[in-house]
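One structure is given below, encoded as structure tokens.
Residue numbers start from 1 in every chain, and the chains themselves are labelled A, B, ... in the order their sequence lines are given, proteins ahead of strands.
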Amino acid sequence: MGAGRAGSLCAPSGRGKRRGAFSHRGHGMSILGELGQRFRPLLTELVDDPDPLLDLVRPSQDPALGDYQANFAMPLGKRLGRPPRQLAQQLAAALAEDPMCHPPEVAGPGFINLRLRNSWIGQRLAQAAADPRLGIPRVENPRTYVVDYSSPNVAKPMHVGHIRSTVIGDCLCRVLRFLGHRVISDNHIGDWGTQFGMIIYGWRHFLDEEAYRREPVAELARLYRLVRRLIDYHEAKSRRADVTEQLAQQEAALEANRRAAGPQPDKRTAKMLRRMEATLARTRQQLEELDRTITQTETDPALARLLDAHRDVARAVLNETAKLHAGDEENRRLWRQFLPACLEEIESLYRRLGVSFDHTLGESFYHDRLEAIVQELLDRGVARESDGAVCVFLEGYDTPMLIRKRDGAFLYATTDLATLRYRMDTWNPDAILYVVDFRQSLHFQQLFATARRMGLDKVELVHVSFGTVMGEDGRPFRTREGDTVGLEGLLDEAVRRAARVVAGNDDAKPDGPELSPAERARIAEVVGIGALKYADLSQNRTSDYQFSYDKMLAMNGNTGTYMQYAYARVRSIFRKGNVDVEALRRDPAPVRLETPAERALGLELLRFGEALELTLKDYRPNQLTGYLFGLANHYSTFYEQCPVLKAEAPELRRSRLLLCDLTARTIQKGLELLGIDVVEKM
RNA sequence: GCGCCCGUAGCUCAAGGGACAGAGCAGCGGACUUCUAAUCCGCAGGUUGCAGGUUCGAAUCCUGCCGGGCGUACCA
């Protein structure tokens, strides 16, 4: 047992039904909120609960139709048995004369098309410019969230499988906090598992004391990898015969079926044959992997001479782990000795990523609470014994959730239940988000169902699941040798490539390079890590995504690099024009929106809050990246068409500078909420 | 077998039951004596896997099929 949630490579699923992470309808400063306020009184006269209808006020997809549209006349017409267009006309009266909107137009089956007045947009922009929060209100009813993310196994190097949980979880925390919720981030690390058994075993047999004195973490990592490889080798050896036999059986079965099917098999048979072929291919591949493991180990002289003496390494490691759990003094002492170094190792990665946690309560923290939670479930009649194990049987599931093994050991589920109980007792949250890969969806379904049967039915439990990081070959991302990709190496490579991009660009500047080597290095770090995070966050989290250094560092398209460039380009205007930004913000006049480009940019700036709401609605950061990309595009168009520093009139120059400043600040804040830094020059 | 998820342009991906399904890359054509051309503008590219159904309206919801991924009692 032990070990964090991302034990191996990860992939999508599940969306929880939830309510009220935010509410835009009632309040203040968002456009949707204000439009809602206009319509609410009229709708209340017609129906008891206008909220679902107000939810049908949406941004228009086609600017030709207006800025926003109210789509509630159609369902309402159905419900009331009245012509929708007539209802639409009646409801449109809400905005017949309003400083916010031009008189609405009714179109099609009953769409109410809304166009905001430039004067209103201009005023709102001025208000946003004077506001450190850019005009984004806090939610009226803050909730308490526990966010469970990252959760690596300590003592094992972090790898590519941890990046999504870490980056998505961190982003959700930032957005929730910004909107005014109370957030408790908790890194549920695996600090009590078999990996410590491995290190202890390695320590006993292979320790290089000199190396440990010099670099304890590196030596522990070496011990871990060494023992891991010994175990993998012996496992491969013992499984090889089975897999070989399996392969032979599958080949024979396929051949027999082929013969029986004849030259023209019917559809069903053809499908079955294809399935068998696929299975066969997988088995072949499995065998190849085993052989590769075996060969690589046997041809490594340092390892080869250890193989015979450590035939029983797997059992020995489990034994060391069991002793640790049972309270063996020497193993506990070693565990306490190793843990700080391991924690420091992952901590340095988090520092580089700019990720932090309020709590790091790993599995070891819950160790002495497991017995009690099992007892509680037995007492409540939720769990019962079966085949010597303690199980929770749940309606609708073929298999029970095991919380204690026949041998008395506890499981992942046990720790999760104890953790849940602790979180409820300690923080009493309204919601807990588990940012964990989709393959664990069954586990979380069962966990949540069990929680409800424990009486924890008021808290909203959400599995924020995500897909696997794939390589460019469309298979789980691995190194050429077939190993999982280490996170550290991934960051280094991203930064290395970013450095090339930054240097190439700086060299190509019209007036010659302007960045010192130190500046270049710092910018490359920000650009490289930003690109990596953005690439991940800009994907719909539920699907697998294909990892590509080239794509994530591209200057075109929806990339972090493009966003950072957009930001740097805006900031460059202020430098070049020697503009006093503070003065500009202090007393902003309404922004003038005389050209379509200015209007489109201005309106987009006011929609930042909508993007944040949307991000939280399904816990999908790609809603935020999508918004930022759209904003940057609007800015680019504006930048091409509207001279800022050389604007014809001083007031126009001021107005455009305000648009620039708001754009820069919105991008900066948006990226910050994604956990990404900006640079002033690139 | 059962369960969960996915199938959208050549490729990688967007799209909140709403009007004509959008980007980037690749392809073609334009724009640098002007605030960073690392950019921008335009053209072309689609029966949203297939067939039904629900709805005023479906890529989106339901059913069935086809294709794929993952999971499925003592790992996490």
Which part of the nucleic acid, if any, lies within contact of [X], taking any heavy atom under 4.0 Å across all strands shown: a base, the sugar-phosphate backbone alone, or nothing?
X: T559(A); value: nothing
X: M682(A); value: base
X: D416(A); value: nothing
X: D407(A); value: nothing
X: F393(A); value: base
X: P84(A); value: nothing
X: A554(A); value: nothing

5' precedence on RNA chain B between D387(A) and K551(A) (nearest-nucleotide basis): K551(A)
Polar side-chain atom of R475(A) near backbone of E472(A) as donor-acceptor pair, under 3.5 Å: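 No, the answer is negative, given that no donor and acceptor are paired below the 3.5 Å cut-off.
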Atom pair distance, as rounded to whole Å: CZ in R79(A) and C1' in rG57(B): 17 Å
Each stem that RNA chain B is part of, given as range with range (3 or more consecutive Watson-Crick or G-U pairs, under 3.5 Å): B:1-7 with B:66-72, B:10-13 with B:22-25, B:27-31 with B:39-43, B:49-53 with B:61-65
Does [X] get its side chain close enough to the base of [N], under 3.5 Å, for a donor-acceptor pair?
X: S60(A); N: rA19(B); answer: no
X: N540(A); N: rA15(B); answer: no
X: Q69(A); N: rA19(B); answer: yes

For H443(A), ring pair (Phe, Tyr, Trp, His ring centres under 6.0 Å) partners two or more places apart: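 Scan of H443(A) (ring pair (Phe, Tyr, Trp, His ring centres under 6.0 Å), adjacent residues dropped) gives Y412(A).
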Test item: E680(A) and Y567(A) side chains (from C-beta on) under 4.5 Å apart, heavy atoms: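 When only atoms from C-beta onward are counted, Y567(A) and E680(A) do touch, with a gap below 4.5 Å.
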Aromatic ring of F111(A) stacked on base six-ring of rA19(B), 5.5 Å, 30°: yes
D507(A)/R520(A) ion pair, N-O < 4.0 Å: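 Salt bridge between D507(A) and R520(A), a charged N being under 4.0 Å from a carboxylate O: yes.
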Any side-chain donor near an acceptor of the partner, Y545(A) and N540(A), under 3.5 Å: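 Judged by distance alone, the side chains do not pair up.
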P gap between rC28(B) and rG18(B), integer Å: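 Going atom to atom, P in each nucleotide, I get 37 Å.
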